[in-house]
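Below: the structure, in structure tokens.
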Amino acid sequence: MKVLVTGSNGLLGQKITDLVLSKYPNIHLVATARGENRHAVKSGYAYEEMDISNLDSLQTVLDSEKPDVVIHTAAMTQVDECEFQKEECVSLNITAVENIVKLSKKLNFRLIHLSTDFIFDGTKKMYKEDEQPNPLSYYGWSKLESEKAVLRNSTNYAILRTVLVYGTVSDMSRSNIMLWAYNTLRDGKEAKVVDDQFRTPTLADDLAQGCLLAALYNGNEIFNIAGKDYIGIYELVEKIADMYGFDMKNISKVSSSTLNQPAKRPPIIGLDISKAQEMLGYNPHSLEEGIRICIGK
Ligand SMILES: NC(=O)c1ccc[n+]([C@@H]2O[C@H](COP(=O)([O-])OP(=O)(O)OC[C@H]3O[C@@H](n4cnc5c(N)ncnc54)[C@H](OP(=O)(O)O)[C@@H]3O)[C@@H](O)[C@H]2O)c1
């Protein structure tokens, strides 16, 4: 089976490469991203430059590679940037998906599309796949539109919704909550942490596993792929402090409204993973195991 990954330089993209190289010897992997390959390992798979916002680039690579499955991880993922760069957000998060869906029909590949908890408003603890979306941010709206593009036109797909992804890969384009919290606590820096946001944080390695399980699954479905532990962001920082023996004295609790972030975040949201557990055999690590894997000690 040939699997092509978009955005292979990103956190999830690199974890998918790691997983295929370590556990799926029968999968022929084609990693694609814009610019140079930033994965530390450069052998055992193919790498092609592919800009998802450029239709020619998409067409040329997909036409020549003819994958059986495309795992579409690339997106404009900086939530606040999407509020200011709306055209770029539409181009990357919606138009590119519409183009990939069209190509999936022409070239007959299965599409695994990544989406987000940010399509919801976050007013209750756990969300199943069939809840009513109500995005609070431009990013959330754009990802909801991307889901609609898949549902409208794709004939062979899975949509995977995930939440607060964390992990460590080489040459990362951005940090994540666990690395930020660990480094801030270790260095004794002062920081404000919200005490009114709750999530089911997702280890990127688990999400990569979810992507491969969905790639091998036969059927059109939406799956929540997240961690199994529900926790507040402040409690999460406290947990890391406890696990590694750091002091919380420089960390202060604040409410989200005091941060004045450009994009509104859903306050209370966990993704219920029981459907993926039952239908895909998805079995994520515990939060504590995930933190240790991410921090590397
Ligand atoms: N991270 C989260 O907390 C989270 C939560 C919910 C859903 N998701 C979804 O999960 C997916 C994977 O996220 P992630 O955490 O792996 O994000 P990430 O680390 O930011 O990776 C996204 C990748 O997309 C690439 N990209 C952007 N524009 C591109 C273009 N025009 N052509 C090709 N590649 C392009 C970026 O390339 P550069 O590295 O060159 O910038 C980046 O490597 C995304 O669809 C995201 O919306 C993530």
Side-chain angles (χ1 to χ4, degrees), residues 4-18 31-39 47-58 61-62 70-82 85 87-97 99-100 111-120 122 127 135 137-147 150 159-180 197 199-208 210-211 214 223-227 233 263 265-266 269-271 290 294:
L4 184 145
V5 176
T6 70
S8 66
N9 280 331
L11 176 55
L12 174 59
Q14 291 205 37
K15 288 294 180 187
I16 293 172
T17 301
D18 290 341
T32 72
R34 57 181 174 188
E36 295 211 336
N37 183 3
R38 302 208 303 270
H39 197 293
Y47 178 81
E48 298 250 20
E49 245 186 87
M50 186 172 87
D51 179 343
I52 59 156
S53 65
N54 178 329
L55 184 56
D56 278 349
S57 168
L58 268 179
V61 174
L62 289 169
V70 169
I71 305 178
H72 180 46
T73 83
M76 187 161 173
T77 55
Q78 306 276 30
V79 176
D80 290 326
E81 274 177 25
C82 291
Q85 297 168 33
E87 266 181 44
E88 197 184 345
C89 175
V90 167
S91 159
L92 290 173
N93 291 359
I94 306 174
T95 313
V97 178
N99 288 332
I100 292 172
L111 175 59
I112 309 303
H113 177 58
L114 270 296
S115 188
T116 171
D117 59 321
F118 275 45
I119 66 162
F120 298 114
Y127 281 73
S137 63
Y138 205 75
Y139 169 76
W141 171 80
S142 72
K143 295 295 278 191
L144 179 59
E145 290 302 307
S146 76
E147 287 195 8
V150 175
I159 294 171
L160 308 188
R161 293 184 185 141
T162 189
V163 46
L164 201 65
V165 183
Y166 65 95
T168 308
V169 292
S170 69
D171 204 353
M172 296 173 72
S173 47
R174 63 194 185 112
S175 188
N176 55 66
I177 180 76
M178 301 303 176
L179 296 176
W180 174 85
Q197 288 188 31
R199 300 284 186 268
T200 44
T202 310
L203 178 66
D205 313 57
D206 290 333
L207 180 56
C211 289
F223 291 109
N224 288 340
I225 301 286
I233 303 296
R265 273 76 172 158
I269 187 160
L271 292 183
C294 174

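All ligand and atom numbering here is 1-based and tracks the order in the structure. Residues: numbered from 1 along the sequence shown.
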### Worked verdict on Leu164 versus Ile233 for side chain to side chain contact (heavy atoms under 4.5 Å, CB included)
CA-CA 10 Å; Leu164 201 65; Ile233 303 296; 3.9 Å; yes
### Query
Would you say the side chains of Glu48 and Thr32 form a donor-acceptor pair under 3.5 Å?
no
### Query
When you check the side-chain N and O atoms of Thr17 and His39, is any donor under 3.5 Å from an acceptor?
no
#### Entry: Test of proximity, Leu12 against ligand 1: N or O pairs below 3.5 Å
yes
### Message
How close do Leu179 and Cys294 get, counting heavy atoms only, and between which atoms?
### Response
CD2-SG, 3.9 Å
### Message
Using a 4.0 Å cut-off to any heavy atom of Leu92, which atoms of ligand 1 qualify?
### Response
28 (N), 30 (C), 31 (N)
### Numbered atoms and elements of ligand 1 in range of Leu11, under 4.0 angstrom, heavy atoms
16 (O), 19 (O)
### Summary
For Tyr47 and Gly35, the nearest pair of non-hydrogen atoms, with its separation, is OH-O, 2.7 Å
### Query
Can an N or O of Ile52 be found at a distance shorter than 3.5 Å from an N or O of ligand 1?
yes
### Message
Any nitrogen or oxygen of Arg38, side chain or backbone, less than 3.5 Å from one on ligand 1?
### Response
yes
### Task
Over all heavy atoms of both residues, which pair between Arg38 and Ser170 is shortest? Give the atoms and the distance, please.
O-OG, 3.0 Å
### Query
Does the side chain of Leu207 come within less than 4.5 Å of Leu114's, by heavy atoms?
yes
### Query
Which ligand 1 atoms does Met50 reach within 4.0 Å, using its non-hydrogen atoms?
32 (N), 33 (C)
### Task
Nearest heavy atom to atom 22 (C) of ligand 1 wins, so pick from Ala75, Gly167, Ala96.
Ala75
## Note on the structure
atom 4 (C) of ligand 1: closest protein heavy atom, distance to 0.1 Å, is Val165 CG2, 3.5 Å
### Query
Any N or O on Thr73 sitting closer than 3.5 Å to an N or O of ligand 1?
yes
### Message
Taking the side chain as everything from C-beta on, heavy atoms only, tell me whether Tyr139 gets closer than 4.5 Å to Leu144.
### Response
no
### Query
So, are Lys15 and Asp205 salt-bridged, with charged N and O less than 4.0 Å apart?
yes
### Query
Would one find an N or O of Ala33, backbone or side chain, under 3.5 Å from an N or O of ligand 1?
no
### Message
With nothing but distance in play, are any N or O atoms of Lys143 less than 3.5 Å from an N or O of ligand 1?
### Response
yes
### Residue pair Ser115 / Ile159: nearest heavy atoms and the distance that separates them
CB-CG2, 4.0 Å
### Query
Among all protein non-hydrogen atoms, which one is nearest to atom 31 (N) of ligand 1, and what is the separation to 0.1 Å?
Asp51 OD1, 2.7 Å
### Protein heavy atom at shortest distance from atom 10 (O) of ligand 1
Leu114 CB, 3.9 Å
### Task
Measure the distance from atom 34 (N) of ligand 1 to every protein heavy atom, then report the residue, atom name and distance (to 0.1 Å) of the closest one.
Ala74 CB, 3.6 Å
### Task
Apply side chain to side chain contact (heavy atoms under 4.5 Å, CB included) to Thr73 and Ile16, showing your working.
CA-CA 10 Å; Thr73 83; Ile16 293 172; 3.8 Å; yes
### Query
Given Asp117, which of Arg265, Arg161, Lys143, Arg199 fulfils the side chain to side chain contact (heavy atoms under 4.5 Å, CB included) condition?
Arg199
### Task
Do me a favour and list the nearest non-hydrogen protein atom to atom 20 (O) of ligand 1 with residue, atom name and distance?
Thr77 OG1, 2.7 Å
### Task
Please write down residue, atom name and distance for the protein heavy atom closest to atom 47 (O) of ligand 1.
Tyr139 OH, 2.7 Å
### Message
side chain to side chain contact (heavy atoms under 4.5 Å, CB included), that's the test. Do Leu11 and Val165 meet it? Break it down for me.
### Response
CA-CA 8 Å; Leu11 176 55; Val165 183; 3.9 Å; yes
### Task
Report yes if some N/O of His72 lies less than 3.5 Å from some N/O of ligand 1; otherwise report no.
no
### Query
Under 4.0 Å from ligand 1, counting heavy atoms only, is it the side chain of Ser115, its backbone, both or neither?
backbone
### Task
Under 4.0 Å from a heavy atom of Leu164: give me the atoms of ligand 1 that qualify, with their elements.
3 (O), 5 (C)
### Query
Between CG of Asp56 and CG of Asp51, what distance do you get to the nearest 0.5 Å?
10.5 Å
### Summary
Counting heavy atoms under 4.0 Å, the part of Thr32 that contacts ligand 1 is neither
### Query
For ligand 1, is Gln78 a contact, meaning one of its heavy atoms is under 4.0 Å away?
no
### Summary
In this structure, atom 15 (O) of ligand 1 is nearest to the protein heavy atom Arg174 NH2, 3.8 Å
### Task
If you have a sec, work out which protein heavy atom is nearest atom 6 (C) of ligand 1 and how many Å separate them, to one decimal?
Thr162 O, 3.3 Å
### Short N or O distance, Gly10 and ligand 1, threshold 3.5 Å exclusive
yes
### Message
Nearest non-hydrogen contact with atom 28 (N) of ligand 1 belongs to which option: Arg161, Gln14, Arg34, Lys15?
### Response
Arg34
#### Entry: Closest non-hydrogen atom pair between Glu88 and Met76, with its separation
C-SD, 3.9 Å
